Undergrad: 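Let me give you the structure first, and then I'll get to my questions.
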Amino acid sequence: MNLPPLDIRPDSSVVLLTGAGISAESGIATFRDSGGLWEQHDVSQVATPEGFRSNPGLVWRFYSERRRQASLVHPNPGHFAVSALEQFLASRGRFTLVTQNVDGLHQRAGSQRVLAVHGSLFKTRCSSSECAQGLCSWEDHSLHFQDVPLCPGCGSMLRPDIVWFGEYLDPAIESAAREAIADCDLFLAIGTSGAVWPVAGYVDIALARGARTVLVNLELPANANRFAEVHLGKSADLLPRLLPGG
Ligand code: APR
Ligand code: ZN
């Protein structure tokens, strides 16, 4: 099928928003597709602060397994097309990648300006809000599935640095994302169901700005009507053809 590339100029201001769909062809399960993560696990038990409080070991085993899987797979052509676009815009344009993904595949594909709005599988932080310990990379903890690591600073339990349901995004990351979108010419969403707020509302910021809104997704998500252009298909196939430098 003939698919003309998106006419992105080298001086464009572009924001990409990605979700689990862009990592699907690397072999990482999405959340809401059939057989997805939320069919296999009870969200309230593994992805909420209440779940962590009631069974931290289960939560650590859930994220340890996802981290193990993420470290075994590799970025796919969709991830590389995204980092090539960032290079294409590097000299005269502006580029921001806002990702909901926590798998680290964008960073491994060479993306630099990444706002990981839902955190990272490869970071932990102290569960005590008063603690000054801050983020530590997972490698500092030779964690086995049975143990729940404790903060070296205050002895409280460490937790995965993931934004759980019912929690706020990091304010600095969220405002950087909103600022970039409010200033973009092109907003391109890839592989996301648009089911989770506040990220689901980011396309409306782009629309209010008068930006071009493009969606690349396997199926039509609930918020598809918010996009001026929709390309249905697999991102690993479409992105190298749609994006310059891909
Ligand atoms: N190429 C493009 N899109 C794809 C592909 C693919 N190969 N495979 C699946 N998709 C699409 C699906 O059609 C779906 O619309 O990707 C989307 C994945 O949606 P979700 O599983 O809901 O993932 P996401 O949108 O990233 O979820 C958002 O919800 O559970 C929370 O914090 C979690 O960050 C996550 C957030
Ligand atoms: Zn601490």
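Counting convention: from 1, in listed order, for ligands and their atoms alike. Note that the structure is a prediction, hence the values are computed from the model and not measured. This chain uses plain numbering: 1 for the first residue, then up along the sequence.
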Undergrad: Does His79 form a side chain to side chain contact (heavy atoms under 4.5 Å, CB included) with Thr18? I'd like the steps, not just the answer.
TA: CA-CA 10 Å; His79 295 107; Thr18 61; over 6 Å; no
Undergrad: Among all protein non-hydrogen atoms, which one is nearest to atom 30 (O) of ligand 1, and what is the separation to 0.1 Å?
TA: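 Answer for atom 30 (O) of ligand 1: Trp38 NE1, 2.8 Å.
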Undergrad: Does the side chain of Asp161 pick up a donor-acceptor pair with the side chain of Thr124 at under 3.5 Å?
TA: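 Thr124 and Asp161 do not have a side-chain donor-acceptor pair below 3.5 Å.
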Undergrad: With respect to Pro221, determine whether any N or O atom, backbone or side chain, lies less than 3.5 Å from an N or O atom of ligand 1.
TA: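 For ligand 1, there is no N or O atom that lies under 3.5 Å from one belonging to Pro221.
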Undergrad: Which atom names give the shortest non-hydrogen contact between Asn225 and Ala222, and what distance separates them?
TA: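 Scanning both residues completely, I find the closest heavy atoms to be OD1-O, 4.1 Å.
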Undergrad: Tell me, which protein residue and heavy-atom name are nearest atom 32 (O) of ligand 1, and how many Å apart are they?
TA: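 Of every protein heavy atom, His118 ND1, 3.3 Å lies nearest to atom 32 (O) of ligand 1.
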Undergrad: Do me a favour and list the nearest non-hydrogen protein atom to atom 3 (N) of ligand 1 with residue, atom name and distance?
TA: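 The answer is Leu218 N, 3.1 Å.
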Undergrad: Suppose I only count heavy atoms of Thr192 and a 4.0 Å limit; which atoms of ligand 1 are within that range?
TA: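 Listed by number with element, the hits are 15 (O), 16 (O), 17 (C), 24 (P), 25 (O).
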Undergrad: Just go through Ala20, Ala189, Gly21 and tell me whose heavy atom is the nearest to atom 5 (C) of ligand 1.
TA: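 Comparing heavy atoms across Ala20, Ala189, Gly21, the nearest one to atom 5 (C) of ligand 1 lies in Gly21.
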Undergrad: State the atoms of ligand 1, each with its element, that fall below the 4.0 Å cut-off from a heavy-atom position in Gly19.
TA: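 Heavy-atom distances to Gly19 below 4.0 Å select 26 (O).
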Undergrad: Testing Val196, Leu169, Val163 for side-chain contact (heavy atoms from CB on, under 4.5 Å) with Val117, which one passes?
TA: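 Of the listed residues Val196, Leu169, Val163, the side-chain contact (heavy atoms from CB on, under 4.5 Å) partner of Val117 is Leu169.
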Undergrad: Among all protein heavy atoms, pick out the one at the shortest distance from atom 7 (N) of ligand 1; state its residue, atom name and that distance to 0.1 Å.
TA: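 That would be Glu25 OE1, 2.8 Å.
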Undergrad: Could you tell me whether a side-chain N or O of Asn55 sits under 3.5 Å from a main-chain N or O of Leu58, the two making a donor and an acceptor?
TA: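 Pair found, side chain donor or acceptor close to backbone of Leu58.
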Undergrad: Among all protein non-hydrogen atoms, which one is nearest to atom 15 (O) of ligand 1, and what is the separation to 0.1 Å?
TA: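 I find the closest protein heavy atom is Asn217 ND2, 2.9 Å.
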Undergrad: Got a sec, which residues hit ring-ring contact (aromatic ring centres under 6.0 Å, His included) with His41, two or more places apart in sequence or on another chain?
TA: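 Partners of His41 by the ring-ring contact (aromatic ring centres under 6.0 Å, His included) criterion, ordered by chain and then number, come out as Phe62.
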Undergrad: Listing request: all salt bridge (Lys or Arg N to Asp or Glu O under 4.0 Å) pairs with a residue in residues 72-98, at least two apart in sequence or in separate chains.
TA: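 Non-adjacent pairs meeting salt bridge (Lys or Arg N to Asp or Glu O under 4.0 Å): Arg94-Asp183.
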Undergrad: Taking the Zn ion (ligand 2) as the center, what protein N, O or S atoms are found at less than 2.8 Å?
TA: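 Near the Zn ion (ligand 2), the protein supplies Cys126 SG, Cys131 SG, Cys151 SG, Cys154 SG.
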Undergrad: Let me see the working for Asp204 and Arg226 under salt bridge (charged side-chain N to carboxylate O under 4.0 Å, His left out), right down to the final yes or no.
TA: CA-CA 7 Å; Asp204 294 321; Arg226 318 297 295 147; 2.5 Å; yes
Undergrad: Do side-chain atoms of Ser111 reach the backbone of Gln107 as a donor and acceptor pair under 3.5 angstrom?
TA: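 Not a single qualifying donor-acceptor pair exists.
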Undergrad: Pick out which of Asp185, Leu207, Leu6, Val14 makes a side-chain contact (heavy atoms from CB on, under 4.5 Å) with Arg212.
TA: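 Only match with Arg212 under side-chain contact (heavy atoms from CB on, under 4.5 Å): Leu6.
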Undergrad: Give the single entry among Ser235, Ala29, Gly78 that approaches atom 1 (N) of ligand 1 most closely by any heavy atom.
TA: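 Considering heavy atoms of Ser235, Ala29, Gly78, the nearest to atom 1 (N) of ligand 1 sits in Ser235.
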Undergrad: How close does the nearest protein non-hydrogen atom get to atom 31 (C) of ligand 1, and which residue and atom is it?
TA: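 The protein heavy atom lying closest is Arg32 NH2, 3.6 Å.
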Undergrad: Using salt bridge (Lys or Arg N to Asp or Glu O under 4.0 Å) as the criterion, list what pairs up with Asp11, not counting sequence neighbours.
TA: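 Here the qualifying residues are Arg9.
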Undergrad: Considering only non-hydrogen protein atoms, determine which one is nearest to atom 18 (C) of ligand 1 and report residue, atom name and distance to 0.1 Å.
TA: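 Of every protein heavy atom, Gly191 O, 3.8 Å lies nearest to atom 18 (C) of ligand 1.
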Undergrad: Heavy atoms only, cut-off 4.0 Å: how does Ala195 contact ligand 1, side chain, backbone, both, or neither?
TA: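 None of Ala195 does.
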Undergrad: Tell me which protein heavy atom sits closest to atom 28 (C) of ligand 1, plus the residue, atom name and distance to 0.1 Å.
TA: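 Answer, as residue, atom name and distance: Gln100 OE1, 3.3 Å.
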Undergrad: Is Ser26 reaching over with its side chain to a backbone N or O of His74, donor-acceptor style, under 3.5 angstrom?
TA: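 The answer is yes, because a donor-acceptor pair under 3.5 Å joins these two groups.
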Undergrad: Looking at Trp60, is Arg159 sitting on its ring face, NZ or CZ under 6.0 Å from the six-membered ring centre and within 45 degrees of the normal?
TA: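 No, a cation-pi geometry is absent between Arg159 and Trp60.
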Undergrad: Could you walk me through whether Arg209 and Glu179 pass salt bridge (charged side-chain N to carboxylate O under 4.0 Å, His left out), step by step?
TA: CA-CA 11 Å; Arg209 147 88 181 157; Glu179 241 170 74; over 6 Å; no
Undergrad: Is there a heavy atom in Gly233 that sits closer than 4.0 Å to ligand 1?
TA: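 Yes.
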Undergrad: Applying a 4.0 Å heavy-atom criterion (strictly less than), which segment of Val196 is in contact with ligand 1: side chain, backbone, both, or neither?
TA: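 Contact part for Val196 vs ligand 1: side chain (C-beta onward).
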